[in-house]
Amino acid sequence: MTDAADSPPVRRLSDWDAAELESLADEYGSPLYVLDIERVRENYRRLASAFPDADVLYALKANALGDVLAALREEGAGLECASAGEVRRALESGASGADVHYTAVNPPARDLDWIVDAWADDLELTVTAGSEDTISRLADRGYDGRLCLRVNPGIGAGHHEKVQTGAAAKFGVPAERAVDVLEDATESGFDVVGIHAHVGSGVSSDQLGAHRDFVARMGDLARDVSDAVGELEFVDVGGGFGVPYREDEEPLDLESVAGAMWDAIGGIDARLAIEPGRFFVADAGVLLTEINTVKRARETTVTGVDAGMTTLLRPALYGAYHPIRNLTADSSDADVRETIPQTVAGPICESGDVFCSDRDLPASERGDVLAIGNAGAYGYEMANQYNSRPRPASVVLDGDSVRRSRRRETVDDVTRLEREAR
Ligand code: LLP
């Protein structure tokens, strides 16, 4: 077991044992998600030791696997949940309400009903509301518990416009209205405990200036809010810590990020809370996929694989870069293969179903196993059944042991709801 903060700041795809991964694909089939729980723990410890005085919550939308929740709970993380379903997973993992923040975004009635019931059993649960409507819908249901207000700070950052939330009108109450909204909530009997904002996801080193401005705004707002409604328990500045996806990208310097955040927030009479998702799980996971087709097309060589945009959506949705490695070529004793530009594409009937275009990789052969790196965050979570394609299996590596963490879906699973409706 690696000690606290001493683990490497990034695990590259080249650091994984090619032969071991290939044998997992052999044993459990392909496509297959592999998650190394020890690496999740290491990531948590590095981040938590850079922020010793902050509350660290895990945004479980990045990877809600029970094994991840159990490991991070054991390390001391709280849990940030985006839906009633995630809150249920959090509580079922053994967390108590005091460890759980539910961030409501245009919450369906069914979610609010469930949350208010859960709160009645555990009054320490915190609900973060992003609109006055959510607050009054909570009041309608008799909720007068711990309330945090999500604000829209007007500053966004992140790896793609689709994940920049800080200035997107959809999220939060405009920061300049926060004091009024919280005065009303206090008068209505809510227990106002915090303010929250999330600037966006995948904030890289070159966006840290924008992030610092955002944190400074949260500090100013916290001071205004506590002058108006009394001391806050916490100021939650969200997640967003970027990780390197490209082989030559450097990891964030956590100590300096933490230092800059404390400087920016200024003196506040409240705890600082952060809620990263990607940071803990991204480089702890890989996706294994088998090559079934090698085709010379007009201008490129197409390597067809059995995983697609239904298995890992990020490249299709955000044009996201994921490292790719041919495990069979790397683990064999045969001569080094020639490197040629390849387009790695999945089995889905859409031209966007490609993991990379014209990337230099060892010449592919049918039956080779590829590993797609940094697949631990927003990989399985965003998998779907488009084209009636069952979702893949997952395994967890935990020290020397391997366990199946999700069985592979079958076409029967995909059609079950339709059969049951008859
Ligand atoms: N807190 C809130 C309120 C969030 O909405 C999010 C992410 C997080 C925390 C965690 O952000 P992280 O530390 O993981 O960056 N599917 C996209 C990412 C969407 C993130 C949505 N919200 C992707 O694959 O890049």
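All ligand and atom numbering here is 1-based and tracks the order in the structure. Since we're looking at a predicted model, the values are computed, not measured.
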Evaluation steps, salt bridge (Lys or Arg N to Asp or Glu O under 4.0 Å), between D15 and R39: CA-CA 12 Å; D15 297 331; R39 180 64 186 163; over 6 Å; no
Does CZ in R88 sit with more than 12 non-hydrogen atoms of other residues, nucleotides or ligands closer than 6.0 Å?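 No, the 6.0 Å shell around CZ holds no more than 12 heavy atoms from other groups.
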Is it the case that over 12 heavy atoms from other parts of the model lie below 6.0 angstrom from the CZ atom of R404?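 No.
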May I ask you to identify the nearest protein heavy atom to [atom], giving residue, atom name and distance to one decimal place in Å?
atom                    : value
atom 3 (C) of ligand 1  : E275 OE2, 3.4 Å
atom 16 (N) of ligand 1 : Y318 OH, 2.8 Å
atom 15 (O) of ligand 1 : S201 OG, 2.4 Å
atom 11 (O) of ligand 1 : H198 CE1, 3.4 Å
atom 20 (C) of ligand 1 : Y378 OH, 3.5 Å

Less than 4.0 angstrom from a charged side-chain N to a carboxylate O is my criterion; do [X] and [Y] meet it?
X    : Y    : answer
R12  : E247 : no
R146 : E233 : yes
D220 : R223 : yes

Less than 3.5 Å between some nitrogen or oxygen of [X] and one of ligand 1, yes or no?
X    : answer
R150 : no
G277 : yes
G240 : yes
R314 : yes

Report, in ascending order of atom number, the atoms of ligand 1 lying under 4.0 Å from any heavy atom of [X].
X    : value
P276 : 13 (O)
V163 : 17 (C), 18 (C), 19 (C)
R278 : 12 (P), 13 (O), 14 (O), 18 (C), 23 (C), 25 (O)
G239 : 9 (C), 13 (O)
H159 : 23 (C), 25 (O)
G202 : 15 (O)
A59  : 8 (C), 9 (C), 10 (C)

Side chain of E290, backbone of D306: donor and acceptor closer than 3.5 Å?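 No; judged by distance alone, with no hydrogens or angles, the pair does not exist.
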V34 side chain reached by V402 side chain, heavy atoms, under 4.5 Å: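 A side-chain contact is absent here, since even the closest heavy-atom pair is not under 4.5 Å.
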Please tell me if the side chains of L21 and R325 come closer than 4.5 Å, counting only heavy atoms from C-beta onward.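 Not touching, per the 4.5 Å side-chain cut-off.
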For H198 together with F171, are the ring centres under 6.0 Å from each other? no
Quick one: list whatever passes salt bridge (charged side-chain N to carboxylate O under 4.0 Å, His left out) with E418, sequence neighbours left out. R422
Considering Q164, K61, E80, H101 one by one, which has a heavy atom nearer to atom 21 (C) of ligand 1 than any of the others?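 Closest candidate by heavy-atom distance is K61.
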Can you tell me if K162 has a non-hydrogen atom under 4.0 Å from ligand 1?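 K162: no contact with ligand 1 (<4.0 Å).
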